[in-house]
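Counting begins at 1 with the first residue of the sequence. In this text the structure is predicted, and so the values were computed from the model without any measurement.
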Amino acid sequence: MRILSLSLNGIQTMIKKALLLNGCLWSFAVFADEAVIELAPITVEGSKTVPASFNTEAVSKNTLTGSELTERGINGIDDISQRIANFHLTSQGTGSFTQRFSMRGLTNTAIFSPPAVVFYVDDVPYSNSIATMGRLLNISSLDVYRSAQPGSFGKNAYAGAVDIKTRQPENKLSAGVSLELGNYDFHQVRANVSGGLITDQLFFSLNGEFQQRDGFLYNSYLNTHPDAVENFSGRAALKWTPNQAWDVRLTFSRENFNYGASRYVRLDSPDFFTVSSEVSEKLKQRADSQALRIAYHADNYELLSISSRRFWQMAPLRADFDSLPTLFTRFQDSTETAWTQEFRLQPKHNNGDWQWHIGLFYSDIQKHSSSDAFLPTSYTRNESKKRTMDNYAGFAQLSYQGIKDIRVFLDLRMDYVRNTVDVYNFYLPSNNRIVLQQADTNFFISPKFGIDYTFSPQLLVYAATGRGFKPSGFALPAFYPVLSHFYKETSWQNEIGMKTNWFDNRFKLNLAGFYYAIKNYQIERGFASGDYATINAPKAHSLGFEVESQSELVKNLWLETALGYTHTQFDDYHDPITQANYAGKTAPFIPDFTSTIALQYKHPEGYFARAEWLWTGRTYFDESERAALSQREYSLLNLRIGYKTNGYSAYVYTDNLTNTDYYSFIVGTRGVPGNPRVIGAQLGYEF
């Protein structure tokens, strides 16, 4: 294994990129500093330590602050799921393309279905899991909802939601830069600057990140490390508040991710990270987005409008299907353009017995992909797919808390979804052609009713029940055109929970249990040719629980635990291709257990140490429950030590300290190895 390298050339390269990125931001900051007429007073507070965030609301929810994300090394969306019970990401080694997010047994399919878990950043939704590739830049807070939220968000949060808020600029000029170095020649620079252009009226913020890393894989045929990465993420925003009634925000973001290659290896490889392929693979993805957020605060109500556009592209994907020196290759380009419009209305003072809000949502998503597959025996397939999805929705929440210590609420959501598809497949040497043009529509009402009761300041209980859905659509497998259409998935979701705190908040315990009855559970099936189909299991159910606690063992030393159990089982399901009976089998891509145990020490003077043990239970990657297509339980040990004072910070860390080998995905004779042991150091300064 290549160990930590802090060579002079590496440090020089790092410094140059830090200066370049920070210099671009400061060129704008100098103008901003001169434009401000008056700076806000500076308040200096004494150092203090507080326990980590621990949500106490009447909902199954986790909350992390921006400083906690930094302390735990959570830099991207893919890092979040490792710390949240019953939330799991299945990565197929192709960036955001084909990634699956599961929550309590509900999940998106790799390519064709809408998301089960929706991601929002500053009230702007990602269109689906494929386009969810953002980095976490200058975050204020991050909330993870582990149950359906039909009345809280414009986009259908069928399984749950991740709601991310960025830090908003103020009059005072502030900036920060951090440098990070690690093994595999990893280096990363982050920079941010924000402040006022016109006091109390016009503000700006700029955030950027650049990172590079050598590949984890070694291609013995080409003598290369094919999965070397080079990624850039940036966000710029303007905030205009001409008076107390208006808050207008304009945001631009850009991501360019070069993953080098897909991270597949053969299961029979003598070395876990070695492949032997004649194909010089490529994998690049980019995205850009624009959003306009307008909030109007009248005397008695608040109106919010959010308009957004997001473009995502994968160009190119060049992949070797068998990871051997044989001609079995696929080339693919894909694009997605999503437009959204959301309105929310609520009373300005929600402090009476009745509380409410209502909203409208519209999205238009257009996808296009073209691919060429070169298979053995000189077989070639050319494919072009165009798909559109239009979603019109209305959503509302009404709650009543006129009875002492009791709150009841009703969420109501109505969705109309229309899908269209236009497919053209051409085959050589047979010259066969397949042309398909289809459309379908969905209409669904998603109600949710809940009640919570505060027994005492130390004990809160809550319960909720409701219905949800994921729309139908088209999967378009070339070899199984009869499976081109899949039905909408519906579920009846029930949960009950309890939140407690004891000993002057030195011990906190949250418990939650759930049972979901599911119809037409959507499963995506991959074939050896690189083809996909989405199949419906007529009946399934998912049940489980979460247990989370936080304990102060001694002053400034906290123990955090989170345990999640999910069992998602098919009750009625025959494979439409093989006719195999999978009733009683476990649904794929959902680990039975997820667990986190963390010990954290945080001294008021700035010293910090954290040790994490992350455990993931057995995960199956198809419906058969075959051991060869599953990853047995595994655990990862992460350590992080740091010091922060007067704006300066320094951390050293190691993830996967024991260098545990595991697969994040398995298909056929290939798997996607998880990250090996990584070691690094980070220096930062902000003011």
Side-chain angles (χ1 to χ4, degrees), residues 98 100 106-116 118 125 127-131 148 150 154-159 334-341 360-370 383-395 413-425 433-447 467-492 518-527 531-540 572-577:
T98 68
R100 294 176 173 90
L106 303 179
T107 182
N108 60 280
T109 62
I111 300 177
F112 297 109
S113 80
V118 302
S127 54
N128 60 47
S129 61
I130 288 177
K155 193 168 181 65
N156 182 22
Y158 171 61
S334 299
T335 63
E336 175 181 294
T337 304
W339 295 84
T340 68
Q341 176 62 55
L360 297 173
F361 177 77
Y362 169 73
S363 70
D364 171 70
I365 303 174
Q366 300 185 21
K367 304 178 182 180
H368 178 260
S369 66
S370 60
E383 178 182 75
S384 176
K385 298 179 181 179
K386 295 180 180 179
R387 292 176 290 150
T388 66
M389 173 182 286
D390 291 307
N391 182 193
Y392 303 84
F395 58 98
R413 179 184 186 86
M414 292 183 290
D415 282 275
Y416 173 80
V417 181
R418 174 176 169 80
N419 288 291
T420 67
V421 66
D422 186 350
V423 179
Y424 174 81
N425 285 318
R433 291 173 172 82
I434 295 178
V435 179
L436 178 66
Q437 293 180 324
Q438 290 183 334
D440 79 341
T441 59
N442 296 255
F443 178 76
F444 198 81
I445 298 177
S446 305
R467 298 184 67 215
F469 93 114
K470 270 197 315 178
S472 59
F474 301 96
L476 317 170
F479 291 106
Y480 300 97
V482 69
L483 301 177
S484 63
H485 180 261
F486 58 90
Y487 300 104
K488 68 183 177 185
E489 175 184 319
T490 64
S491 62
W492 175 35
I518 310 166
K519 293 184 178 180
N520 289 323
Y521 190 90
Q522 295 172 1
I523 312 149
E524 194 151 300
R525 175 79 59 80
F527 303 104
D531 222 352
Y532 286 89
T534 298
I535 301 168
N536 292 103
K539 291 183 180 180
D572 177 15
Y573 175 36
H574 286 78
D575 189 300
I577 299 173

Go through the steps to decide whether Tyr362 and Tyr392 satisfy the test ring pair (Phe, Tyr, Trp, His ring centres under 6.0 Å), and finish with yes or no. CA-CA 5 Å; Tyr362 169 73; Tyr392 303 84; 4.9 Å; yes
So do [Y] and [X] actually touch side chain to side chain, heavy atoms under 4.5 Å?
X	Y	result
Val421	His485	no
Asn128	Pro114	no
Leu483	Pro576	yes
Asn419	Asn442	yes
Phe486	Thr109	no
Asn391	Asp415	yes

Closest non-hydrogen atom pair, [X] against [Y]:
X	Y	value
Ala475	Lys385	O-NZ, 3.7 Å
Asn108	Pro115	CB-CA, 3.9 Å
Pro538	Tyr573	CD-CA, 4.0 Å
Phe444	Ser446	CD2-OG, 3.4 Å
Arg100	Thr107	CB-OG1, 3.9 Å

With rounding to the nearest 0.5 angstrom, report the OG1 to CE distance, Thr420 to Met389. 9.5 Å
How many angstroms lie between atom NZ of Lys539 and atom CD1 of Ile518, to the nearest 0.5 angstrom?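 Reported value, rounded in 0.5 Å steps: 13.0 Å.
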Verify the neighbour count for atom OH of Tyr487: are there more than 12 heavy atoms of other residues, nucleotides or ligands below 6.0 Å? no
Run Thr534 and Glu524 through side-chain hydrogen bond (donor to acceptor under 3.5 Å, both in side chains) and show every step you take. CA-CA 4 Å; Thr534 298; Glu524 194 151 300; 3.2 Å; yes
Judged by atom type as modelled, is there a donor-acceptor pair below 3.5 Å linking the side chain of Arg387 to the main-chain atoms of Val423?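 Here the side-chain-to-backbone pair does not exist.
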Would a distance-only check, ignoring hydrogens and angles, find a side-chain to backbone donor-acceptor pair under 3.5 Å from Lys519 to Trp492?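 Not a single qualifying donor-acceptor pair exists.
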What residues, two or more places apart in sequence or in another chain, satisfy side-chain hydrogen bond (donor to acceptor under 3.5 Å, both in side chains) together with Ser370?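 For Ser370, no residue satisfies side-chain hydrogen bond (donor to acceptor under 3.5 Å, both in side chains) once neighbours in sequence are set aside.
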Taking side chain to side chain contact (heavy atoms under 4.5 Å, CB included) as the definition, give me every residue that meets it alongside Ser127, ordered by chain and number, with sequence neighbours left out.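 Result, side chain to side chain contact (heavy atoms under 4.5 Å, CB included) vs Ser127: Ala131, Glu336, Ala338, Ile365.
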Do Gln522 and Asn520 meet the criterion of a side-chain donor-acceptor pair at a distance under 3.5 Å? no
Between Ser491 and Tyr158, is any side-chain donor less than 3.5 angstrom from a side-chain acceptor?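 Checked: Ser491/Tyr158 side chains pair up, N/O donor to acceptor below 3.5 Å.
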Checking Asn156 against Phe469 for the side chain to side chain contact (heavy atoms under 4.5 Å, CB included) test, could you report, in this order, the C-alpha distance in whole Å, the side-chain angles of both residues, the deciding distance, and whether it holds? CA-CA 8 Å; Asn156 182 22; Phe469 93 114; 3.8 Å; yes
